[in-house]
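One-based numbering along the sequence shown. All ligand and atom numbering here is 1-based and tracks the order in the structure.
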Amino acid sequence: MSEQELKALRVRIDSLDEKILELISDRARCAEEVARVKTASLAEGEKPVFYRPEREAAVLKRVMERNKGPLGNEEMARLFREIMSSCLALEEPLKVAYLGPEGTFTQAAAMKHFGHAVVSRPMAAIDEVFREVAAGAVNFGVVPVENSTEGAVSHTLDSFLEHDMVICGEVELRIHHHLLVGESTKTNSITRIYSHAQSLAQCRKWLDAHYPNVERVAVSSNAEAAKRVKGEWNSAAIAGDMAANLYGLTRLAEKIEDRPDNSTRFLMIGQQEVPPTGDDKTSIIVSMSNKPGALHELLVPFHENGIDLTRIETRPSRSGKWTYVFFIDFVGHHRDPLIKAVLEKISQEAVALKVLGSYPKAVL
Ligand SMILES: O=C(O)C(=O)C[C@]1(C(=O)O)C=C[C@@H](O)C=C1
């Protein structure tokens, strides 16, 4: 390519950037207007609802449907995700608590769902995320709920039993783990590997093969593991890209998770109900009496009405020995007439039924 051609293309890019800049600013002014309209039309004592997950899902889907390339759908939606995040911040800067410290996969999930224009607050434990949301100190919380290799995150499920929370969104993240070392680590003298228990379990076979005699130390998060390794000459950490970059660690081995499709699903929790979008999921907790056939009774109405169950998890109820609750996710919104009828049928048989929330299926 000649210098001349390159120059001409850059002139074109500059001119397109000016147009994009103008359009984004127009869009941002629209969002300011939206905020004004939302505030003006309130009944007395009512608070404005600026964040609208159902609308955000529709905007992102529309972008993906209309995209003709060369950028891929996910890439294009990610750019619009950030534009919308900044527009929302003009209306109201969202405060989001997540399972910290900084650099966790949960933080990456929060950014993937809300974009980067939020005020994010790392919490030391899952329960603290729930408490921060319940206290109204933040608008939303982000917690991991299940991993494709290791199953349910029981701390999260148990927290739902203790707090009244509304699930308003979900996001899935492909999880890649790396073996990380600090500048002072002597790589052939590693005697200890830190990570979160879930991450150690997700890399069990790789560790058995490569570091069979090295002590595996479970810590509160993989970002915490990365933090510890910094000054220790004989240890390594298993963590992801965000933690590696944040703590300036070197990747001794990359993508060491046992399953290449290793993914984690995260939930957004808050106090706000989300209206139907036509492509939603619902999460409920049900406790049944401890009698033969109880689980069968619970599942029949879903089967008879052709409702797609996406997950069922059992946990001790914490209110009696050997009594259990079922966490169930299914496709549909609790305001859909069919789902309403099924939930009514189940509540006739159940000891207790609680709808944790209906929310748009993850778009990104
Ligand atoms: O449509 C709205 O209600 C808006 O507030 C606008 C907008 C957007 O930028 O598109 C911003 C924030 C909401 O979460 C959803 C959409």
Write out the residue and atom name of the closest protein heavy atom to atom 1 (O) of ligand 1, then the distance separating them to 0.1 Å. Arg55 CG, 3.5 Å
Check each of Glu33, Glu32, Glu56, Glu54 against atom 12 (C) of ligand 1 and report the one with the nearest heavy atom. Glu56
From Lys38, Glu92, Glu91, Arg27 - option closest to atom 6 (C) of ligand 1 by heavy atom: Glu91
Backbone of Gly332 reached by a side-chain donor or acceptor of Thr282 within 3.5 Å: yes
Counting distance only, does the side-chain N/O of Asp329 pair as donor-acceptor with the main-chain N or O of Thr310 below 3.5 Å? no
Distance col, row Ile190:CD1 vs Glu215:CD, nearest 0.5 angstrom, shows 13.5 Å
Can you tell which part of Arg52 has a heavy atom less than 4.0 Å from ligand 1: side chain, backbone, both or neither? both
Backbone, side chain, both or neither: what part of Ala31 comes under 4.0 angstrom of ligand 1, heavy atoms only? neither
What orientation do His113 and Tyr51 show, parallel under 30°, tilted 30 to 60°, or perpendicular over 60°? perpendicular
If the plane angle is over 60° it's perpendicular, under 30° parallel, otherwise tilted; pick one for Tyr211 and Trp206. tilted
Would you mind reporting whether Ile328 and Arg311 have side-chain heavy atoms less than 4.5 Å apart? no
Identify, by atom number and element, the atoms of ligand 1 in contact range of [X], meaning under 4.0 Å from any of its heavy atoms.
| X | value |
| --- | --- |
| Met84 | 8 (C), 9 (O), 10 (O) |
| Tyr51 | 14 (O) |
| Val34 | 2 (C), 3 (O), 4 (C), 5 (O) |
| Leu88 | 12 (C) |
| Cys87 | 9 (O) |

Arg228/Glu224 salt bridge by N-O under 4.0 Å criterion: yes
